[in-house]
Amino acid sequence: MSTSKALQRAEASFAARRWAEAIVACRDLAAADPDDARVPALAGAALLQAGRYAEAVTQLERSVSLAPRVVQPRIDLGLALLVLRRVSEAEASFRVATSIQPSSAEAWANLGDALAGQRRWDEALEAYAAALRLRPEHARVLNNRGNVHRELGKGELAVRDYRASTSTDPSFALAWSNLSAALAAQREFSASLEAAREAVLLQPGSALAISQLALALRDGGQVDEALEAAERAVAIAPRSPRAVFNRAWLLEDVGRRREAFEGFERTLELEPANPEAALARAHALLREGRYREGWAGYDARTRGRGWSISAPPGLPLLQGPGAVGDVAIVAEQALGDTIQFARFGRQIEAAGLRAVLRCAPRLVRLLSTAPGFIEARGHGEERTDSAEVAWFPLMSVPRLLGLDTERDIAAPPYLRGEPGRSSHWREWLAARVVPGELRVGIAWQGNPKTERANLLGRSWPLAVLAPLARLPNVRLVCLQRGPGLDQLEHAEFSSDLLVPGPNFDDGPDAFIDSAALMESLDAIVTSDSAVAHLAGALGRPTLIGLHHRADWRWGAGGKTTTWYPTAILYRQTRRGDWRDVVDAIAGELVRRSAVQL
């Protein structure tokens with residue numbers, strides 16, 4: 001048989017997906033003509049499809065050395081290198097492919113994947129944009145660009161990309177699963193469940209699709225069905241990190257914490273660099289008061305989806321407590337997190353560090369009273385006398401300083417209201433509250449953008465607090481700002497609620513009026529939100545309602561918290577049911593009212 005016919009037969013075997021047959025044929029062809037670049041190219045492609053990646057790399061490297069200007073072997077080489085986690089080499093191969101053939105959408109698409117694998121999100125988006133200019137309806141690229149947008153916390157853009165991907169290729173099950181996850185993050189739970197069901201319909205044996213369905217079922221309140229689906233996914237793919245993690249996450253959701261912890265550890269055995277599992281494990285350890293281990297793992301949040309921090313440009317990350325010059329301690333996550341962790345200023349100062357607290361500009365005025373910091377400044381605000389030599393994340397300070405006991409965590413009140421405003425709100429209350437009445441501030445809604453995954457359901461509707469409005473000798477004062485304030489229009493007791501007015505905390509500085517008003521209140525009743533952290537930081541009597549899956553910082557159980565000695569915790573005993581919580585809080589207010597009288 002001639003060489004050309006033998007090559008045609010090898011190509012036919014490849015086209016028929018008979019990989020082993022194609023590989024053997026190429027071996028014979030290579031012996032006959034070792035300098036024909038087409039042979040190692042075909043052999044490499046067959047080896048790639050057969051999952052023999054290291055051998056594929058050897059053949060494809062041979063091919064590109066023989067024919068440096070041929071694009072497809074370079075693309076295949078990059079794909080094999082990606083699977084072998086030789087990501088920078090894969091990037092180099094794809095870059096050469098794009099330079100040889102800039103019109104290759106596949107080369108640009110795969111370059112985007114290699115860049116995304118290195119968390120170089122902006123460059124990945126540029127590569128995907130180039131691919132989509134060449135081929136606008138490229139379902140895989142649209143899906144993968146959606147993944148990058150999710151990593152960047154751009155949920156709406158991710159949903160748009162996944163929808164475009166599924167519209168382009170309605171049979172693309174992975175894109176449907178990803179759409180389900182993105183919709184859930186946007187709190188579109190019904191649509192999320194529909195997308196998850198579509199993915200399973202397309203691939204009924206896919207562990208990933210079934211595992212995402214489990215999460216969507218949980219978000220829809222179908223907890224038993226969610227656990228059943230999670231178990232099925234793990235049975236199909238017991239070595240799938242995603243399936244194992246999702247099952248563990250759902251087990252934690254129903255209170256089976258020991259099994260959940262084992263699942264997080266199993267996920268890390270399968271995928272040691274998995275940031276979600278590492279962070280979930282750290283949360284579990286912190287919840288149990290195992291601070292040394294917990295803080296050590298808590299840095300996993302910095303590798304997770306959507307995490308960002310406004311690190312001062314040009315400054316190195318602080319590597320240890322010893323530093324000559326000022327250190328920027330940079331706040332992160334939500335406002336409540338910043339308020340909670342600002343307590344560590346004293347320990348930072350005791351460690352010999354001169355620290356500038358860098359935080360959201362809205363918090364600068366409030367946190368200017370936090371002890372231990374030489375000053376508070378907004379992210380990006382320049383100092384004319386700048387002497388900052390390094391920076392460090394605020395929420396990693398406990399690890400940096402080895403703060404691993406409850407005594408390290410506990411703190412006396414570390415924030416205070418401004419005297420002038422405190423006087424104003426004290427007079428405002430005195431003019432509206434009957435002497436002897438218990439003055440109780442209430443807040444019900446946290447930031448909706450942060451209420452997803454394990455925090456879903458942490459806010460309570462204003463309506464459930466109605467029993468508190470019926471208590472004798474108790475006057476409720478509204479502390480709610482922003483989202484949730486619209487619920488006043490529909491609450492049956494809103495006319496009995498003291499509302500400070502439209503100018504309350506309406507300026508550029510957050511919580512200035514709230515802090516001042518809280519100092520004249522006898523108690524604050526709040527859901528798990530920034531208001532809870534502010535009240536605790538002020539040392540005010542605080543009654544906090546926690547949903548069934550309370551965040552790690554509130555501990556594994558009990559009514560007290562090391563973080564805020566003046567707080568009492570009230571935990572849901574039934575998922576989504578606040579009645580017992582509100583009844584218990586009402587009982588505590590009645591007791592306090594009687595003592596006050």
Side-chain angles (χ1 to χ4, degrees), residues 82 85-88 90-91 112-125 144-155 158 178 181-182 184-185 208 211 215 240-246 248-249 252 260-261 263-287 290-313 315-320 328-334 337-338 341 379 390-400 449-450 452-455 551-553:
L82 270 184
R85 300 188 180 182
R86 294 163 59 179
V87 185
S88 60
E91 177 196 343
D113 294 344
L115 292 164
Q118 298 172 79
R119 303 179 67 83
R120 291 157 58 186
W121 308 124
D122 291 340
E123 293 174 81
L125 289 175
N144 292 355
R145 188 174 70 175
N147 293 341
V148 171
H149 281 140
R150 279 184 69 200
E151 292 288 350
L152 292 171
K154 298 179 178 180
N178 288 334
L208 290 179
S211 188
L215 298 182
S240 164
R242 173 54 50 192
V244 172
F245 174 78
N246 285 352
W249 193 89
E252 187 174 70
F261 189 79
F264 299 143
E265 295 207 309
R266 175 59 177 156
T267 304
L268 291 170
E269 290 175 7
L270 295 167
E271 187 180 3
N274 186 303
E276 287 180 284
L279 184 58
R281 181 181 182 275
H283 283 167
L285 291 166
L286 291 169
R287 183 184 295 113
R290 295 165 61 180
Y291 294 114
R292 181 181 296 274
E293 299 167 86
W295 295 131
Y298 191 52
D299 281 357
R301 73 191 185 284
T302 66
R303 309 194 309 271
R305 179 175 293 134
W307 184 84
S308 64
I309 192 166
S310 299
L315 291 185
L317 181 69
L318 182 69
Q319 298 301 317
I329 301 297
V330 184
E332 53 182 295
Q333 299 191 39
D337 299 290
T338 302
F341 278 71
H379 294 308
W391 74 278
F392 200 77
L394 174 62
M395 297 182 75
S396 291
V397 164
R399 175 188 60 75
L400 175 73
K449 293 181 180 179
T450 65
R452 54 183 183 270
N454 59 302
L455 297 182
D551 198 22
W552 62 268
R553 65 199 80 207

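At least one side-chain heavy atom of Glu332 sits under 4.5 Å from a side-chain heavy atom of Arg301. For the pair Leu286 and Arg553, the minimum side-chain heavy-atom distance is 4.5 Å or more. Side-chain contact between Val87 and Leu82 is present, with heavy atoms from C-beta onward closer than 4.5 Å.
Annotation: the span from Arg303 atom CZ to Leu279 atom CG amounts to 9.0 Å, rounded to 0.5 Å. Taking CH2 from Trp121 and NZ from Lys154, the interatomic distance works out to 12.0 Å, rounded to the nearest 0.5 Å. Between the CD atom in Glu276 and the CG atom in Asn246 there is a gap of 7.5 Å [rounded to 0.5 Å]. Here the CZ-CZ distance, from Arg399 to Phe392, works out to 4.0 Å after rounding to the nearest 0.5 Å. From Ile309, atom CD1 reaches atom CG of Leu317 across 9.0 Å, with rounding to the nearest 0.5 Å. A distance of 5.0 Å separates CD of Glu91 from CG of Leu115, quoted to the nearest 0.5 Å.
With sequence neighbours left out, Leu270 forms a side-chain contact (heavy atoms from CB on, under 4.5 Å) with Arg239, Pro241, Val244, Arg266.
Residues Ser310 and Val330 share a closest heavy-atom pair of O-CG1, 3.6 Å. For the residue pair Leu285 and Gly294, the shortest heavy atom distance occurs at CB-CA, 3.8 Å. Taking every heavy atom of both residues into account, Pro312 and Ala328 meet most closely at CG-CB, 3.9 Å. Scanning all heavy atoms of the two residues, the minimum distance from Ser240 to Leu208 falls at OG-CD2, 4.0 Å. The two residues Leu268 and Ala278 have their closest heavy-atom pair at CD2-N, 3.7 Å. Taking each heavy atom of Gly146 and Ala158 in turn, the nearest pair found is O-CB, 3.5 Å.
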With side-chain contact (heavy atoms from CB on, under 4.5 Å) as the criterion, how do Gln333 and Thr338 come out once you've worked through the C-alpha distance, each side chain's angles and the decisive distance to 0.1 Å?
CA-CA 7 Å; Gln333 299 191 39; Thr338 302; over 6 Å; no
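Other residues, nucleotides and ligands place no more than 12 heavy atoms under 6.0 Å from the CZ atom of Arg85.
Classification of the Phe245-Phe264 ring pair by plane angle, with boundaries at 30° and 60°, yields tilted. Under the 30°/60° scheme for interplanar angles, the aromatic rings of Trp295 and Trp552 are found to stand perpendicular.
Checking side-chain atoms of Gln118 against main-chain N and O of Ala114 turns up a donor-acceptor pair under 3.5 Å.
If you check the side chains of Thr267 and Arg281, you find no donor sitting under 3.5 Å from an acceptor.
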